[in-house]
There are 2 protein chains.
Amino acid sequence: MIEMMLLGFLMDGEKTGYQIKKYMDNSTSYFFNTGFSSIYPKFRKLETQGFVSVSQTVKNGKLNKVYALTDEGKRAFLDWLAIKPEIGRIRDEAMLKIFFFDYLDNEQRMAQMEAYINDLREHIQTLGAIRDRFSSSDIEPWKMATLEFGIRYYGFLEERFHEMLAERG
Amino acid sequence: MIEMMLLGFLMDGEKTGYQIKKYMDNSTSYFFNTGFSSIYPKFRKLETQGFVSVSQTVKNGKLNKVYALTDEGKRAFLDWLAIKPEIGRIRDEAMLKIFFFDYLDNEQRMAQMEAYINDLREHIQTLGAIRDRFSSSDIEPWKMATLEFGIRYYGFLEERFHEMLAERG
DNA sequence: TTGGCTATATATCAAAGTGATATATGTTTG
DNA sequence: CAAACATATATCACTTTGATATATAGCCAA
């Protein structure tokens, strides 16, 4: 899946691994992210598969790899994009803890939930800042849609957690 | 994290790996799940760590391992439970595809979304069935809360996806 | 001007987790 | 009575992550 994400990020032009990581941090990171330890090996694999071509620029004696989509890579990406996704899991540690909350005393439960809700609020602020930055640029509409989704999702979480607290004081 | 989940499932009594897997499939699976390829090796690790004890029952010539929490294991679980969780990522393939939806033509986009929304509806039905089964038993309140959360979460997804379709026809 | 900080850029490794598959027996059911 | 299903454990190759290392460029303040 990470392969396909990397190909997707090359759809609007060639980039270095580092540039892609930076872009991710400011766009998809809240719902999909990965680190350099995936990016660089994946690009080597994509190169041997013929999905990307690399231009080894040597910038001031330092090697610098700029990756670009090949026709095959573009086709592979678009084929993947057309397939209906499976329903995903939440896989949220917070949910797992709540599942076991009956084993925690009420005081700790409340303190933890309140602190967590606070974190959620901060997170929503951060996403709001990213959205505002992008909305003033000419971001593609569906990319914008995922950002808006993120904000609403964490808002939904906040609301639900609040309700949980209220119901089970 | 899987270690802690396994310990948590032993809090209400000893179980085999298989029993835990079955229990997960009918309770946490929509937000947290794992397979035998994690469960069995993890239990071996937990045993060497002294967090679980194992009674090797030989049932009809076949080996059968029943795991139980040790005092240390119980302490480790409760310590983990008391720590505030980090905010989790969504890491949903559907979101990733929507992020790149501007590269897909409208016809395919609509077809995919509609099919996906259908899957969501089916999923919500399944979760509803699990909830009804549990609500007639004496499930602990916070465990029930996560089930209710799941149903609402996928309902939220359905709603949002519908709106996305409507906004960007 | 030089020492420190931040940004750019790539690489690697151990650890965690997954999906698929294999094996074996017991139980139910048509 | 054979087929299908449930119980139960194991393993392997693969993917992904977190931490850490390395090196240079550019900027800023003392």
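For the numbers below, each heavy atom of this structure counts, side chains included, while hydrogens, waters and symmetry mates do not. First the proteins, then the strands, lettered A, B, ... as listed; each starts at 1.
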| message | Which label fits B/F156 and A/Y153: parallel for a plane angle under 30°, tilted from 30 to 60°, or perpendicular past 60°? | response | tilted
Sorted by number, residues from residues 36-43 of chain A placing a heavy atom under 4.0 Å from DNA chain D are A/S37, A/S38, A/K42
Contact check, residues 15-29 of chain B vs DNA chain D, heavy-atom distance under 4.0 Å, returns B/T16, B/G17, B/Y18, B/Q19, B/K22
A/L46 atom CG is separated from C/dT10 atom C1', nearest whole Å, by 16 Å
Rounded to whole Å, the NZ-C1' distance (B/K45 to C/dG17) equals 11 Å
Discussion item. Using ring centroids (six-membered ring only for Trp), state whether B/F9 and A/F100 fall under 6.0 Å.
Written reply: yes
To the nearest angstrom, the CD-C1' distance between A/E47 and C/dA11 comes to 15 Å
**OP:** Could you check whether the rings of B/F77 and A/Y103 sit parallel, tilted or perpendicular, using 30° and 60° as the cut-offs?
**Re:** perpendicular
Here the distance between atom C1' of C/dA16 and atom CD of A/E93, to the nearest Å, is 14 Å
Could you tell me whether A/E47 and A/R44 make a salt bridge, using a distance below 4.0 angstrom between a side-chain N and a carboxylate O? no
Here the side-chain hydrogen bond (donor to acceptor under 3.5 Å, both in side chains) pairs for residues 71-86 of chain B, sequence neighbours left out, are A/E93-B/W80, A/D119-B/K84
So, does B/N64 get its side chain near the phosphate of D/dT7, meaning an N or O under 4.0 Å from OP1 or OP2?
no
Per the under-4.0 Å heavy-atom filter, residues of residues 74-85 of chain B near DNA chain D come out as none
- Query: Any side-chain N or O of B/R44 under 4.0 Å from OP1/OP2 of D/dT11?
  - Reply: yes
- Message: Closer than 3.5 angstrom, by distance alone: can the side chain of B/K21 be matched with the main-chain N or O of B/T34 as a donor-acceptor pair?
- Response: yes
The nucleotide from D/dT16, C/dT10, C/dG17 with an atom nearest the side chain of B/I2 is C/dG17
**Message:** When you measure from the side-chain N and O atoms of A/R91 to the phosphate of C/dT18, is any distance below 4.0 Å, counting only OP1 and OP2?
**Reply:** yes
Applying salt bridge (Lys or Arg N to Asp or Glu O under 4.0 Å) to B/K65 and not counting sequence neighbours gives none
*Regarding B/R91 and the six-membered ring of A/F32, is the cationic atom NZ or CZ under 6.0 Å from the ring centre and inside 45° of its axis?*
yes
Taken to the nearest whole Å, CG/A/L6 to P/D/dT17 is 11 Å
Check your understanding: If you look at every strand shown and take non-hydrogen atoms under 4.0 Å, does A/R89 touch a base, only sugar-phosphate, or nothing?
Key -> nothing
For A/Y154, the ring pair (Phe, Tyr, Trp, His ring centres under 6.0 Å) test, sequence neighbours excluded, returns A/H123
Take the angle between the ring planes of B/F36 and B/Y18 and call it parallel below 30°, perpendicular above 60°, tilted in between.
parallel
Assign each of A/T34 and B/Y67 the nucleotide of DNA chain D bearing its closest heavy atom; nearer the 5' end lies the nucleotide of B/Y67
Distance col, row A/S27:OG vs A/R133:CZ, nearest 0.5 angstrom, shows 10.0 Å
